[in-house]
Amino acid sequence: TPDKAPPVKGDVLVHAEESKEGQLIKVSELSDKLVRAWPMGKDKDGNNVIRKGEPNNILALYRFPKGQIVEPTKLDATVDGEIVAYSDICTHAGCSVSDSDQGDGMKCPCHSGQYDPKRGCKVIGGPPPRPLAQLPIKLEGDKLVVADFFASMPYPFLSEDEWEKFK
Ligand code: FES
């Protein structure tokens, strides 16, 4: 069903936080503090569908001052090198990752995995085997839109074969 589909090119990004769920995310609402988002697409009748039937679709969005986001982030998959989106699901065992209390990137509450969202969410501590997957995004008018599928394997439970099919 469309609510369980992974993010699809053309989906818009909407707030995941309960009080604003489903509202379009504005660029002005983004900062160096994590904002969680869902992709929202359409069903076959053209109605909006938030893709939250698949809990692994939760996304993490950041906006950093120009020049702070560097490789291996895929800069052409960011908005102006300032806004970046990742899967928010830890590649170790699937927990939702948050901002670190120490202000040094992102930290997973389950086994203290750490990621650097300015550097492609590469692993900077703990057991995760690979970075959080970057989701290519672009700005269309004032909407943040999914520009392509995840740039690497987003969910920890997929085998390489499943990932190939999933792409
Ligand atoms: Fe994130 Fe284990 S699930 S570090």
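The first residue in the sequence is number 1, and the count goes up from there. Given the structure is predicted, the values throughout are model-derived calculations rather than measurements.
- Summarising the geometry of Thr1 relative to Asp3, their closest heavy-atom pair is OG1-OD1, 2.6 Å, with the distance given to 0.1 Å.
- The SG atoms of Cys95 and Cys110 are placed within less than 2.5 angstrom of each other.
- Under a hydrophobic-cluster definition in which Ile, Leu, Val, Met, Phe, Trp and Tyr are linked whenever side-chain heavy atoms come within less than 4.5 Å, directly or via other members, Trp163 and Leu59 are assigned to the same cluster.
- Put simply, the side chain of Val12 does not reach to within 4.5 Å of the side chain of Trp38, judged on heavy atoms.
- Two residues are said to be in side-chain contact when any heavy atoms from C-beta on lie closer than 4.5 Å; Tyr115 and Cys90 meet this criterion.
- Remark: Asp88 engages Arg36 in a salt bridge, criterion side-chain N to carboxylate O under 4.0 Å.
- Val35 and Ile50 fall into different hydrophobic clusters, where Ile, Leu, Val, Met, Phe, Trp and Tyr are joined by side-chain heavy atoms under 4.5 Å apart, directly or via other members.
- By the 6.0 Å contact criterion, NZ on Lys33 is open, its count of non-hydrogen atoms from other residues, nucleotides or ligands being 12 or less.
- Using a 4.5 Å heavy-atom cutoff, the side chains of Val145 and Ile137 are not in contact.
- For Asn48 and Lys42, the side-chain atoms include at least one donor-acceptor pair closer than 3.5 Å.
- When all heavy atoms of Pro131 and Gly120 are compared, the closest pair comes out as CB-O, 3.6 Å.
- A donor-acceptor pair under 3.5 Å is formed between the side chain of Glu54 and the backbone N or O of Asn56.
- Results of the side-chain contact (heavy atoms from CB on, under 4.5 Å) test with Pro2 over Val8, Asn47, Asp43 single out Asp43 as the only residue that passes.
- Linking Ile, Leu, Val, Met, Phe, Trp and Tyr residues whenever their side-chain heavy atoms come within less than 4.5 Å places Val27 and Leu61 in a single cluster.
- Shown here is Glu71, whose CD atom has no more than 12 heavy atoms of other residues, nucleotides or ligands within 6.0 Å.
- Using a 4.5 Å cut-off on side-chain heavy atoms (C-beta onward), Ile89 and Val97 make no contact.
- For the pair Leu75 and Ile69, the tightest heavy-atom approach, listed with the atom from each and the gap, is CD2-O, 3.5 Å.
- Just one residue in the list Arg63, Glu82, Lys118 forms a side-chain hydrogen bond (donor to acceptor under 3.5 Å, both in side chains) with Gln68, and that residue is Lys118.
- Hydrophobic clustering (ILVMFWY, side-chain heavy atoms < 4.5 Å, transitive): Met153 and Tyr86 are in distinct clusters.
- Atom CD1 of residue Ile124 and atom OG of residue Ser100 lie 8.0 Å apart, to the nearest 0.5 angstrom.
- Rounding to the nearest 0.5 Å gives a distance of 12.0 Å between CG of Leu135 and NZ of Lys9.
- Between the side chain of Gln134 and the main chain of Lys74, a donor-acceptor pair closer than 3.5 Å is present.
- Shortest non-hydrogen contact noted between His92 and Pro156 is O-CB, 4.0 Å.
- The side-chain hydrogen bond (donor to acceptor under 3.5 Å, both in side chains) pairs that include a residue from residues 119-132 are Asp116-Arg119, where partners are two or more places apart or lie in different chains.
- In this model, no donor atom of one side chain and acceptor atom of the other lie less than 3.5 Å apart for Thr91 and Tyr155.
- Side-chain contact between Phe64 and Pro117: present, with at least one pair of heavy atoms (C-beta onward) separated by less than 4.5 Å.
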What's the verdict on side-chain contact (heavy atoms from CB on, under 4.5 Å) for Val49 and Met40, showing C-alpha distance, side-chain angles and the deciding distance? CA-CA 5 Å; Val49 177; Met40 184 171 80; 5.7 Å; no
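- When every heavy atom of Asp142 is checked against every heavy atom of Leu139, the shortest pair comes out as C-CD1, 4.2 Å.
- Within the 4.5 Å cutoff, side-chain heavy atoms of Leu144 are placed close to those of Val79.
- With no hydrogens or angles considered, no side-chain donor-acceptor pair links Ser159 and Asp161 at under 3.5 Å.
- Put simply, the side chain of Cys121 reaches to within 4.5 Å of the side chain of Met106, judged on heavy atoms.
- Scanning all heavy atoms of the two residues, the minimum distance from His15 to Ile25 falls at N-CG1, 3.5 Å.
- Residues Asn57 and Pro39 form a side-chain contact, since some pair of their non-hydrogen atoms from C-beta on lies under 4.5 Å apart.
- Cluster annotation: Phe150 is connected to Leu158 through the hydrophobic network of ILVMFWY side chains, with a link wherever side-chain heavy atoms come within less than 4.5 Å.
- Within the structure, the salt bridge (Lys or Arg N to Asp or Glu O under 4.0 Å) test picks out the following pairs touching residues 10-31 (sequence neighbours left out): Asp11-Arg51, Glu21-Lys52.
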